[in-house]
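Have a look at the structure below, then the notes.
Counting starts at 1 for both ligands and their atoms, in listed order.
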Amino acid sequence: MMDASVAVTEQENVTENILGGKKVAVVFVLGGPGSGKGTQCSNIVEHFGFTHLSAGELLRTEIKSGSENGAMIDNIIKEGRIVPSEITIKLLQEAMIKSENDKFLIDGFPRNEENRAAFENINLSPDFVLFFDCSEEEMGRRLLGRNQGRADDNIETIRKRFGVFEESSLPVVEYYDSKDMVKKINAAKPIAEVFEDVKTVFQMYCPKHALLNQATQMPSRE
Ligand SMILES: Nc1ncnc2c1ncn2[C@@H]1O[C@H](COP(=O)(O)OP(=O)(O)OP(=O)(O)O)[C@@H](O)[C@H]1O
Ligand SMILES: Nc1ccn([C@@H]2O[C@H](COP(=O)(O)O)[C@@H](O)[C@H]2O)c(=O)n1
Ligand SMILES: [Mg+2]
């Protein structure tokens, strides 16, 4: 028997995500370290009304909260490795349930097959995957210039993060690509130009919302 929390619309063969009693839309935002995921998510939030959940940011907040897992998470992040999925999925799930919104950008997750399976195990699936494609050379330059005091923005950890991205994260993108779910964006361009391409994707995905948003941004006649 089909799990009650997953309803498949027969006509479109689209899986409906039900979480905490509400129907939610999920877009995974993936790309290498420094490809611009966080930067573009802020723009998407502003223009399309999504809630941005960065897995890395949730983990950093968990460290600061003094949680019992804090020291372990801190060590893993400093080594550029991936935190066990049960920790990250719990943080994401709690944030989605607590939010009043019903559409989420999940940034930096899934980072490996274990992450992907953990998301499937809570009976959720992404509507699509936004993938920011950028060279290591450019990403490295951006990370070293980010200046936000992140413990992993140093040359040694950056090299490890690139290794993990190649070995563990790209196969996840390839998995979704094999299901035709990936919208690939050239992220090597300037921020505003990247966002033009991102906007095209989201205007196709939620055209009604895009129109509504344009209306609310019209200058007042008064
Ligand atoms: N298209 C761009 N061109 C130049 N600089 C950019 C571009 N996009 C983002 N940046 C800058 O690069 C740095 C990294 O961007 P951002 O934090 O958005 O990347 P990220 O993909 O979220 O990285 P991480 O995976 O490490 O969290 C920031 O300083 C940001 O201002
Ligand atoms: N699914 C994830 C996401 C992130 N991490 C750890 O956090 C670090 C920073 O992530 P950003 O997305 O902010 O770059 C990352 O290098 C991992 O150590 C994780 O374990 N699992
Ligand atoms: Mg980020």
Side-chain angles (χ1 to χ4, degrees), residues 26 28-46 52-64 69-93 95-96 104-120 122 124 126 129-173 185-199:
V26 170
F28 285 157
V29 181
L30 302 179
S35 57
K37 301 179 295 296
T39 303
Q40 296 299 332
C41 280
S42 300
N43 288 334
I44 301 166
V45 165
E46 201 181 312
H52 174 206
L53 298 176
S54 154
E57 203 52 53
L58 288 169
L59 291 166
R60 286 186 285 276
T61 305
E62 187 69 359
I63 297 170
K64 287 188 210 128
N69 290 319
M72 183 256 285
I73 298 172
D74 193 32
N75 280 331
I76 292 178
I77 288 182
K78 282 179 179 148
E79 289 169 11
R81 293 186 290 115
I82 309 289
V83 172
S85 300
E86 67 261 26
I87 294 178
T88 319
I89 196 79
K90 186 165 167 274
L91 295 172
L92 286 168
Q93 208 175 354
M96 283 193 280
F104 299 96
L105 299 169
I106 301 199
D107 158 4
F109 184 100
R111 280 286 229 278
N112 61 11
E113 279 299 311
E114 193 205 36
N115 274 184
R116 189 181 68 71
F119 203 77
E120 256 178 36
I122 60 165
L124 293 179
V129 176
L130 195 63
F131 172 58
F132 290 114
D133 188 30
C134 195
S135 69
E136 275 192 12
E137 197 189 354
E138 174 63 15
M139 293 191 293
R141 222 185 342 259
R142 291 179 189 176
L143 291 174
L144 290 172
R146 180 155 55 183
N147 242 343
Q148 288 176 0
R150 273 179 53 167
D152 53 353
D153 279 350
N154 58 77
I155 193 74
E156 199 186 332
T157 314
I158 289 170
R159 281 207 187 100
K160 290 179 183 162
R161 289 159 72 198
F162 284 162
V164 168
F165 175 67
E166 282 281 325
E167 270 172 43
S168 306
S169 310
L170 273 180
V172 175
V173 177
I185 302 282
N186 175 2
K189 299 191 284 185
I191 294 174
E193 286 180 35
V194 176
F195 189 55
E196 282 307 308
D197 295 344
V198 169
K199 259 201 302 202

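- In terms of protein heavy atoms, atom 4 (C) of ligand 1 is closest to R142 NE, 3.6 Å.
- Between atom 14 (O) of ligand 2 and the options K78, R150, K37, the minimum heavy-atom separation is to R150.
- Between S85 atom OG and F109 atom CZ the span is 6.0 Å, to the nearest 0.5 Å.
- Within the 4.0 Å heavy-atom criterion, neither part of Q148 lies near ligand 1.
- Between D153 and R161 a salt bridge is recorded (basic side-chain N to carboxylate O distance below 4.0 Å).
- Distance CG/L91 to CE/M96: 11.0 Å, rounded to 0.5 Å.
- Within the structure, ligand 1 lacks G108 among the residues with a heavy atom less than 4.0 angstrom away.
- A salt bridge is defined here as a Lys NZ or Arg NE, NH1 or NH2 lying under 4.0 Å from an Asp or Glu carboxylate O, and E120 with R116 meets this definition.
- Using a 30° and 60° split on the angle between ring planes, F165 and F131 fall in the parallel class, below 30°.
- Comparing heavy-atom distances from atom 2 (C) of ligand 2 across S169, P110, G31, G108 singles out G108 as nearest.
- Nearest residue to atom 13 (O) of ligand 2 from R161, R60, E57 is R60 (criterion: closest heavy atom).
- Heavy-atom distances between E193 and ligand 1 stay at or above 4.0 Å for every pair.
- Distances between N or O atoms of K37 and those of ligand 1 include at least one value under 3.5 Å.
- Ligand 1 lies within reach of K189, whose nearest heavy atom is under 4.0 Å from it.
- Neither the backbone nor the side chain of N147 comes within contact range of ligand 1; no heavy atom lies under 4.0 Å.
- Residue contacts with ligand 1, taken as heavy atom pairs separated by less than 4.0 Å, involve P190 solely via the backbone atoms N, CA, C and O.
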